[in-house]
Asks: 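Below is the structure I would like to discuss, written out as structure tokens.
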Amino acid sequence: MAKAKLKEHRINRDWCKGCGICVELCPKKVLEMDAEEKSAAVRPEDCIACKLCEMRCPDLAIEIITEQDEK
Amino acid sequence: MALKDYIRERFFPHMWCAGCGHGTVLNSLLRAVEQLGLSKNEIVMVSGIGCSARISGYVDFHSLHTLHGRALAFATGVKLSKPELNVIVPMGDGDALAIGGNHFLHAARRNIGMTAIVMNNKIYGMTGGQFSPLTGIGGMATTAPYASIDRSFDVVEIAKAAGATYVARSTAFHAQECTKMIHDAILHDGFSVVEIMTQCPTYYGRKNKLGEAPDMIKRFKDITTPIGSKAKQENPDLIERGVFVEKNLPEYCAEYDKIIERAKGGA
Ligand SMILES: Cc1ncc(C[n+]2csc(CCOP(=O)(O)OP(=O)(O)O)c2C)c(N)n1
Ligand code: SF4
Ligand code: SF4
Ligand code: SF4
Ligand SMILES: [Mg+2]
């Protein structure tokens with residue numbers, strides 16, 4: 001299987017409650033809390049598309065879209 | 001099907017507090033169902049009362065939101081009348097093992113084919129943080145302001161002793177592991193129990209000074225270890241994660257069918 005390549009972080013701002021779990025547990029420190037206490041991808045170039053943020057989010061608010069997903 | 005096709009989007013954002021581990025259980029469960037490729041019509045989710053039990057409102061399966069502690073009794077009725085359905089019963093620690101303890105024991109003893117998921121946050125979340133049978137000695141709760149003196153149940157040991165034929169434990173930190181266990185538990189033909197340790201930052205976290213949701217979820221990594229690990233030998237306080245029981249024994253609905261056949265034969 002080819003390594004997944006990130007296309008985008010899809011963050012649902014209406015559902016994100018700003019708990020910070022994705023921010024704290026991202027192995028590559030890609031995410032940060034923005035001024036409105038919502039998760040934001042500030043270093044997307046560092047993302048390894050492991051989807052740990054997506055799988056742990058209690059609010060189903062963050063989705064990692066890879067080029068493979070689009071196909 | 002995409003994950004979103006399995007939920008009732010109109011009820012989102014959900015009612016759980018920011019960082020509540022119950023949300024991660026929902027997340028893991030949806031992934032397991034998606035991996036199994038089940039259609040929504042093949043699943044019945046039965047829940048009782050509690051923050052955890054609210055999960056049945058968010059999934060677009062057949063769903064029953066019943067009485068505190070009685071989800072397994074309702075689920076038994078559903079399963080016996082429609083054994084072809086996949087019955088999933090998520091419960092809180094109080095729901096499953098305080099008021100619902102007897103139902104839990106006997107559903108396991110019968111080995112009826114359903115998937116019980118114990119969303120264990122070690123507290124009564126919904127009603128304001130009272131201690132539960134899972135709080136354990138030294139745990140703080142609104143009803144134990146000087147710490148609880150009650151010993152804790154061990155969900156896995158109870159499930160094993162009562163006769164469950166699939167028993168596993170994981171935590172909200174280990175979301176991928178949870179998905180795999182729920183997946184296998186659904187496929188298992190018999191009574192399966194998956195305990196998932198979840199954080200309740202609002203009550204358990206505050207009362208026990210465990211920090212915010214990210215601190216609490218990270219703690220699950222530190223206080224658990226895979227079954228039989230070297231770390232466990234060195235530190236017996238670590239809680240083991242993994243599959244404790246997986247065995248095949250006669251399933252209740254199948255045995256009941258045999259009785260029907262026998263009765264018809266007049267033997
Ligand atoms: C028969 C009955 N007794 C008591 C209650 C009050 N009650 C509602 S939820 C709950 C406990 C919830 O704790 P738990 O099952 O651990 O779920 P959590 O909210 O922690 O997810 C209690 C005692 C009730 N609804 N019905
Ligand atoms: S884990 Fe989910 S809800 Fe929490 S901050 Fe990240 S995106 Fe928002
Ligand atoms: S996919 Fe992995 S690396 Fe990328 S933001 Fe999420 S947790 Fe971080
Ligand atoms: S009170 Fe606790 S269990 Fe209930 S939703 Fe809030 S964090 Fe979750
Ligand atoms: Mg609870």
Side-chain angles (χ1 to χ4, degrees), chain A residues 1-44 46-71, chain B residues 2-32 34-35 51-52 55 58-59 119 121 170-180 182 196 198-202 205 211-221:
Chain A
M1 206 177 82
K3 233 175 133 201
K5 199 164 175 309
L6 175 79
K7 195 144 176 292
E8 62 166 320
H9 292 78
R10 212 172 271 168
I11 297 169
N12 183 335
R13 299 180 62 83
D14 293 330
W15 292 11
C16 171
K17 295 190 185 124
C19 69
I21 287 175
C22 60
V23 174
E24 287 252 355
L25 270 60
C26 169
K28 294 290 165 188
K29 301 272 164 259
V30 172
L31 307 162
E32 268 179 30
M33 223 42 103
D34 70 10
E36 288 169 22
E37 290 289 304
K38 306 281 178 189
S39 175
V42 291
R43 281 173 289 277
D46 292 343
C47 175
I48 52 171
C50 65
K51 301 200 182 195
L52 285 172
C53 50
E54 177 179 319
M55 289 187 284
R56 289 198 184 110
C57 174
D59 286 86
L60 311 177
I62 180 165
E63 222 182 323
I64 301 299
I65 311 293
T66 63
E67 281 170 7
Q68 277 88 334
D69 293 329
E70 292 291 293
K71 274 170 206 157
Chain B
L3 228 54
K4 294 261 157 75
D5 295 330
Y6 288 108
I7 59 173
R8 297 175 180 147
E9 279 200 59
R10 63 187 182 282
F11 297 135
F12 284 72
H14 56 53
M15 55 74 71
W16 290 316
C17 305
C20 174
H22 291 348
T24 306
V25 176
L26 171 64
N27 190 327
S28 300
L29 181 133
L30 294 171
R31 278 167 216 280
E34 186 194 30
Q35 284 173 15
C51 293
S52 40
I55 191 172
Y58 299 120
V59 292
M119 300 157 78
N121 56 13
S170 189
T171 86
F173 180 89
H174 305 89
Q176 224 165 340
E177 189 175 87
C178 292
T179 295
K180 167 87 172 99
I182 297 171
I196 302 179
T198 58
Q199 69 278 7
C200 167
T202 303
E212 306 287 328
D215 307 309
M216 291 185 77
I217 193 171
K218 276 195 279 188
R219 187 169 168 268
F220 289 142
K221 188 175 131 218

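Per chain, numbering begins at 1; letters A, B, ... match sequence-line order.
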Asks: If you count every heavy atom of other residues, nucleotides or ligands that lies below 6.0 Å from A:K38 atom NZ, does the total exceed 12?
Replies: yes

Asks: Supply the atom-to-atom distance A:M55 CE to B:E177 CD, rounded to the nearest 0.5 angstrom.
Replies: 12.0 Å

Asks: Under 4.5 Å between any side-chain heavy atoms of A:L25 and B:K221, yes or no?
Replies: no

Asks: Measure the spacing between CD of A:E24 and NZ of B:K218 and express it to the nearest 0.5 Å.
Replies: 4.0 Å

Asks: When rounded to the nearest 0.5 angstrom, what is the spacing between NZ in B:K4 and CD in A:E63?
Replies: 5.0 Å

Asks: What's the spacing between B:F12 CZ and A:D14 CG if we round to 0.5 Å?
Replies: 13.0 Å

Asks: Decide if atom NZ of A:K29 counts as having more than 12 heavy atoms of other residues, nucleotides or ligands within a radius under 6.0 Å.
Replies: yes

Asks: Where the side chain of A:K17 meets the backbone of B:W16, is there a donor-acceptor pair that is under 3.5 Å apart?
Replies: yes

Asks: Run the side-chain contact (heavy atoms from CB on, under 4.5 Å) test on A:R56 and B:N27 for me, step by step, so that the C-alpha distance in whole Å, both residues' side-chain angles and the decisive distance to 0.1 Å come before the verdict.
Replies: CA-CA 7 Å; A:R56 289 198 184 110; B:N27 190 327; over 6 Å; no

Asks: Which bit of B:Q199 is near chain A, if near means a heavy-atom gap under 4.5 Å: side chain, backbone, both or neither?
Replies: side chain

Asks: Between CG of A:L60 and OH of B:Y58, what distance do you get to the nearest 0.5 Å?
Replies: 11.0 Å

Asks: Nearest 0.5 Å, please: how far is CE in B:M216 from SG in A:C19?
Replies: 12.5 Å

Asks: In this structure, are over 12 heavy atoms from other groups packed under 6.0 Å from B:Q176 atom CD?
Replies: no

